[in-house]
Amino acid sequence: MSTLNPAQKKAVEHQNGPLLVLAGAGSGKTRVITQRIARLLERGVPPSAIVALTFTNKAAGEMAERVHGILGAKGSAKRKGGPRGSAGLTICTFHSFGLGVLTRERKQAGSAFTIFDQGDCLGVVKEALRSIDAGKKFDASAVLARISNAKNAFTKPSEFAVREGDLYDEITKEVFPKYESALRTFSAVDFDDLVCEVARIWTDRADVLARWQDRYRYILVDEYQDTNRAQLTLLRLLAEAHKNICVVGDDDQAIYGWRGADVRNILEFEDHFPGADVVKLEDNYRSCKAIIDVANAVIAKRLDSRHQKVLRTSREGEEKITVLVAPTPDIEAEHVAQQIRRRIKDDHVRPRNIAVLYRSNGQAKVIEEALRSEGIGYRLVGGQQFFERKEVKDLLAYLKLAMNRHDEISLRRIVNYPARGVGEASVERLALHALAKGWTMWQAIERVDALDDVSGSAREGCRELEKIVGELRKKILIDGTQASIAARWLADRIGLKTELDANSGSPQIAAKRWANVEALFQTFSRREAREISGQEANRESALETFLNALTLDFSENEEEAKDLVTLSTLHGAKGLEFEIVYLIGCEEGLLPHSRTLDTKTTDVAPQDLEEERRLFYVGVTRAKDRLTLSRCKARGVRGKAVLRTPSRFLSDIPEERVTEVEVTGAPQMAPGELAASANALLAALDALE
DNA sequence: TGCTGCTCAGTTTTT
DNA sequence: CTGAGCAGCA
């Protein structure tokens, strides 16, 4: 598709006023956004007046790259109308956009801040729960989720409404104000603040808002169906003056409702932005006919309000998709792995063009084992995130603390790591002193000699910590040492490698952890190379900016170039495409997930069965050429073998598009106890039939 | 202070 | 059945 189709063209050519682009799966959405940006520039809109917002760093990176590609090609071919290029464009995530605004606005007010990631915030909630003696009675992450929801709806702690008899609401009502004031004392903001605070400043300060409106006259938003209320507010404020806002999304692919995304944003766009033009992209360039038929059939059954879309494709291909029925998950995995091997070996499909998708991460394990035994290389999307790893967070905590000594969460994290005699009891004593005297915890450490009830060893440890942090500050602020160098020095100074070697259990694990630390150094070096610094007024804000940016974008060395089979959750697969897709575990209780059928008290939002349908739809529409939906007749659930019902979504698929294949287990495989009991169950079932 | 053994829960997750 | 997180002990 080298030329734009009429709908795409309309979206690209539209210049002023609000525009909603309803982009069906595989309809060339990114292409429309990037071409539109190029077109705006071509018409003489200065790059600095354009902002394109995404949800992930990856999406922002890809978009920037593609815009650059178009412009680079065009620019060099016919270089006439003045400076025209992607330089100066703002293409970033909502959060880093918010960080930019906040940094600029706060700098004028002269205050620095640290960004707390989810783990840090969870620490704040846990501490608050402990302080009101409710530590183990409540799930801190459930409370944090409610706080986050409230913040995104601009609810102040004092306005938080408790639903009658909801224990989690009651505890959240108590924790919320403590959480907010803790963040303030720590000079910290959470991810939500990066969006909410901007919206708040803009609401309160017409002059500030006017400045930003003046700067950004063209707004583009990707994956609009995933925006939450705070993001909508931010966009409405920014677009208020010029009304040039173009959003692109697909309500059929709204799968983040549980995270606060409000699909009504895309459904009611025309109410929020009156006079909006609407363009529907329904031509699918990705999948062949059978897959599109299946996708359309599944999504047509949506019960909730939606923008009506029917995908079309001109791609022929396989007549049918496959539904694979296996007795148990091991056998399901075994067959999927064998088929993948055949596709690679016999049909010469590149591993990178194959994916196995599933509803929950736990399902990956059996697939991994099966792929390993077939000798097939794979890469796991998601899983434990790099920045969640302890050794990485520990090292970062030192740096964050050195830059912001109000950051008590980072302080608590490393005060006794590696062990230096400052135990839990001592920390509590220090915290108590700080509270009584109105000091920060760091001040309590600095002034430990004035405190009489702190043990000698703890005192010693505090002095040591103070010294390390002091030296670190000096290196960075006075000597101007680069972060990568300072981090290496620090790891050495605290004996991190020795610590990891001693406490990792095995040399292999120790090596892996140290490799993570090395990867952190790499990340630092890469960023230093990329960012020609010197823009910051001083070194302190340079490193602070650096660390904040790192908190928002902690991408590891990209391994995407490797030719490996992809294993991913359905959520993780959004936006990706593969020639061959296996969607495993198409069973009631898994897809749709049981927790959407039976909502827990800790859940923030009632889970929506329709969202599971959309998730299934997202899975189906990832496939270009071949799709296999698989399910098991029985599986172990919490140690017990349970018979499984096929997913309700399977029955929405037109029969004439399906080949059902029932497979059996390989008898030479030693059956585990669970497999045995599952087999017994299946035998009993057969007897009944 | 650190480890072992017990209990409990068990989706999706980016920023 | 597993893994995480905490309590109790050495």
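Protein chains get the first letters and strands the later ones, always in sequence-line order, with residue 1 at the start of each.
Whole-Å rounding puts the A:E223 CD to B:dT12 P distance at 20 Å. One atom, CZ of A:R259, and another, P of B:dT15, lie 9 Å apart when rounded to the nearest Å. Across the protein-nucleic acid pair, A:N57 atom CG and B:dT15 atom C1' stand 7 Å apart, rounded to whole Å. As rounded to whole Å, 13 Å separates atom P of B:dT13 from atom NZ of A:K58. Rounded to an integer number of Å, the gap from CG of A:D553 to C1' of B:dT14 is 11 Å. Distance, A:L357 CG to B:dT13 P: 12 Å, rounded to whole Å. As rounded to whole Å, 12 Å separates atom P of B:dT12 from atom CG of A:L380. A straight line from CZ of A:F616 to C1' of B:dT12 spans 17 Å, rounded to a whole angstrom.
Take the nearest nucleotide of DNA chain B for A:E424 and for A:L552: the residue whose nucleotide is more 5' is A:E424.
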Fill in the blank from the handout: For nucleotides 2-11 of chain B, 5' to 3', base contacts (B), sugar-phosphate-only contacts (S) and non-contacts (-) with protein non-hydrogen atoms under 4.0 Å give S-------BB
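For A:D120, the side-chain hydrogen bond (donor to acceptor under 3.5 Å, both in side chains) partners two or more places apart in sequence, or in a different chain, are A:K393, A:K400. Judged as a side-chain hydrogen bond (donor to acceptor under 3.5 Å, both in side chains), and not counting sequence neighbours, A:R429 has no contacts. A:E428 pairs by the side-chain hydrogen bond (donor to acceptor under 3.5 Å, both in side chains) definition with A:R412, not counting sequence neighbours. Residues satisfying the salt bridge (charged side-chain N to carboxylate O under 4.0 Å, His left out) criterion with A:E460, sequence neighbours excluded, are A:R463. Partners of A:D501 under the side chain to side chain contact (heavy atoms under 4.5 Å, CB included) rule, at least two apart in sequence or in another chain, are A:K497, A:A510.
Using a 4.0 Å heavy-atom distance criterion, A:E611 is classed as making no nucleic acid contact. A:V189 comes within 4.0 angstrom of no nucleic acid atom, judged by non-hydrogen atoms across all strands. At a threshold of 4.0 angstrom between heavy atoms, the contacts of A:G98 with the nucleic acid are absent.
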Handout entry: Test log, rule salt bridge (Lys or Arg N to Asp or Glu O under 4.0 Å), inputs A:R200 and A:E197
Key = CA-CA 5 Å; A:R200 189 158 286 153; A:E197 280 304 303; 3.5 Å; yes
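Within 6.0 Å of atom CD in A:E65, 12 or fewer heavy atoms from other residues, nucleotides or ligands are found, so the atom counts as exposed in its surroundings.
C:dA4 and B:dT11 have their P atoms separated by 13 Å, with the value rounded to a whole Å.
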